[in-house]
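Everything below concerns the one structure shown next.
Only this structure's heavy atoms are used, side chains among them; waters, hydrogens and symmetry mates stay out.
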2 protein chains.
Amino acid sequence: MELNVTAMLRDKGFKVTPQRLAIYHMLASTKSHPSAEMVFNELQPVYPTMSLATVYKTMEILEEIGLVQVLNAGEDSFRYDANTSCHPHIRCLCCGKVEDLEGINSEAFVKNVEKSTPYRITGQQFYFYGTCPKCQANVS
Amino acid sequence: MELNVTAMLRDKGFKVTPQRLAIYHMLASTKSHPSAEMVFNELQPVYPTMSLATVYKTMEILEEIGLVQVLNAGEDSFRYDANTSCHPHIRCLCCGKVEDLEGINSEAFVKNVEKSTPYRITGQQFYFYGTCPKCQANVS
DNA sequence: GTTCCTGCAAAAGGTTTGCAAGTAC
DNA sequence: GTACTTGCAAACCTTTTGCAGGAAC
């Protein structure tokens with residue numbers, strides 16, 4: 001699923017830096033939908049001088065060139081996903097993790113909305129909220 | 001669509017104050033999904049001493065007792081909606097307004113998700129992004 | 001060599017908190 | 001009279017910005 005970041009950055013006139021590659025590779029190799037700070041902490045051991053500001057600036061570029069989508073599942077901070085396909089997310093209200101909902105086909109729903117609104121639709125986000133299996137087990 | 005706030009507040013052990021009533025009535029009478037600051041500004045002429053902090057504290061209570069739902073359509077701030085039914089929202093990426101998507105039945109989609117995930121689902125939010133008719137007209 | 005990028009620190013913007021005075025009941 | 005609420009100001013947290021030094025090309 002990992003795309004050629006180097007080519008895509010160059011193509012749009014952005015420079016290719018180790019920081020940008022590291023951030024993208026980290027995102028592309030996780031399913032945890034990390035926030036900027038999580039990415040920062042994860043990369044800290046390998047890039048001890050990297051700053052949070054660089055993470056934010058890089059995310060903006062990656063979003064602009066279509067390599068990353070930005071999520072906000074009702075938390076205080078944004079999360080980032082290198083899987084830019086249209087897929088719903090679910091957040092556990094107990095432990096806070098955000099996961100992909102796999103195997104859901106939302107195409108019909110989107111088509112339905114496109115047909116019934118005068119807006120020109122360019123994107124969508126579906127968020128579900130609940131309790132994950134692990135947290136259900138812990139409570140009961 | 002306006003519910004009996006007074007009774008619902010008392011019922012949960014919260015006191016009924018003019019500020020709380022004003023905030024709920026303002027929310028219940030608009031379709032604009034205002035942020036805390038928009039509510040604050042709107043009430044300013046009538047309640048010149050009300051503080052932003054009161055708006056936030058009230059929203060938290062109103063959400064807790066199920067009179068308000070909190071939205072985050074990918075903006076910097078949260079928005080509030082006194083219509084707590086499950087309905088999708090759409091944000092115009094050009095002018096920034098957030099509207100309800102009317103006449104969309106998302107029940108089948110939700111059922112589908114509930115069937116295919118091990119999570120216990122307690123809520124959901126659907127956000128669409130695009131260009132509203134007015135902004136489309138302005139550009140072309 | 002030029003242009004763009006990084007990292008730092010400071011600023012900004014939205015939201016929360018602590019607390020003394022005030023209000024609901 | 002008690003318990004909760006308000007409004008203010010300060011604190012907090014995430015994100016953005018300005019800028020000097022540094023890296024990509």
Starting at the 5' end of DNA chain D and moving along, which residue's nearest nucleotide shows up first, B:G13 or B:T54?
B:G13
Using rotation axes that map the C1' atoms of four end pairs onto the next four (five pairs an end), what angle separates the end axes of the helix from C:dG1-D:dC25 to C:dC25-D:dG1, to 10°?
40°
Would one find a side-chain N or O of B:S51 under 4.0 angstrom from OP1 or OP2 of D:dT6?
no
Atom CE of B:M50 and atom C1' of D:dT5: how far apart are they, to the nearest Å?
12 Å
Side-chain atoms of A:T49 come closest, of D:dT14, C:dG14, C:dG7, to C:dG7
Taking CD from B:Q44 and P from D:dC8, how many angstroms apart are they, rounded to a whole number?
9 Å
For residues B:Y127 and B:V98, determine if any side-chain heavy atom of one lies less than 4.5 Å from a side-chain heavy atom of the other.
no
Which residues, ordered by chain and number, are linked to B:I90 in its hydrophobic cluster, where ILVMFWY side chains connect at heavy-atom gaps below 4.5 Å, directly or through other members?
A:I90, A:L101, A:I104, A:F109, A:V110, A:V113, A:Y119, A:I121, A:F126, A:F128, B:L101, B:I104, B:F109, B:V110, B:V113, B:Y119, B:I121, B:F126, B:F128
With sequence neighbours excluded, give me every ring pair (Phe, Tyr, Trp, His ring centres under 6.0 Å) pair touching residues 66-87 of chain A.
A:H87-A:H89
Would you say B:F14 and B:M8 make side-chain contact, with heavy atoms under 4.5 Å?
no
Separation of C:dG14 C1' from B:N41 CG (nearest whole Å):
14 Å
Between C1' on D:dG7 and CD1 on B:I23, what's the gap in Å once rounded to a whole number?
12 Å
Measure the CE-CD1 distance between A:M50 and A:I23 for me, rounded to the nearest 0.5 Å.
4.5 Å
Roughly, in whole Å, what's the span from CD in B:E37 to P in C:dA12?
15 Å
For atom CD of B:E42, decide whether the heavy atoms of other residues, nucleotides or ligands shown that lie under 6.0 angstrom number more than 12.
no
Distance-only donor-acceptor pairs under 3.5 Å for side chains of residues 55-67 of chain B, two or more places apart:
{"unit_1": "B:T58", "atom_1": "OG1", "unit_2": "B:T54", "atom_2": "O", "d": "2.8"}

Could you run down the sub-3.5 Å N/O contacts of the protein with nucleotides 16-20 of chain C?
{"unit_1": "C:dG18", "atom_1": "O6", "unit_2": "B:K57", "atom_2": "NZ", "d": "3.2"}

Is the shortest heavy-atom distance from the side chain of A:M38 to the side chain of A:R79 under 4.5 Å?
yes
Would you indicate whether the side-chain heavy atoms of B:M26 and B:P34 approach each other to under 4.5 Å?
yes
Most 5' of B:R20 and B:P48 on DNA chain D, judged by nearest nucleotide:
B:R20
Listed pairs, N/O of protein and of nucleotides 23-25 of chain C, under 3.5 Å:
{"unit_1": "C:dA24", "atom_1": "O3'", "unit_2": "B:V16", "atom_2": "O", "d": "3.4"}
{"unit_1": "C:dA24", "atom_1": "N3", "unit_2": "B:K15", "atom_2": "NZ", "d": "3.2"}
{"unit_1": "C:dC25", "atom_1": "OP1", "unit_2": "B:R10", "atom_2": "NE", "d": "3.2"}
{"unit_1": "C:dC25", "atom_1": "OP1", "unit_2": "B:R10", "atom_2": "NH2", "d": "3.3"}
{"unit_1": "C:dC25", "atom_1": "OP1", "unit_2": "B:V16", "atom_2": "N", "d": "3.2"}
{"unit_1": "C:dC25", "atom_1": "OP2", "unit_2": "B:R10", "atom_2": "NH2", "d": "3.3"}

Measure from CG on B:L62 to P on D:dT5 and round the result to the nearest Å.
12 Å
A:Q19 side chain N/O closer than 4.0 Å to the phosphate oxygens (OP1, OP2) of C:dG7?
yes
Give the rounded distance in Å between these two atoms: CD1 of B:I61 and C1' of D:dT5.
8 Å
Should A:R10 and A:K15 count as side-chain neighbours, where that means a heavy-atom distance under 4.5 Å?
no
May I ask you to verify if any side-chain N or O of A:S77 is less than 4.0 angstrom from the OP1 or OP2 atom of D:dT14?
no
Using whole Å, report how far CE of A:M59 lies from C1' of C:dT6.
16 Å
Find out whether B:D81 and B:L27 are in side-chain contact, i.e. whether some heavy atom of one side chain is under 4.5 Å from a heavy atom of the other.
no
Considering only heavy atoms from C-beta outward, does the side chain of A:K97 approach that of A:C132 to under 4.5 Å?
yes
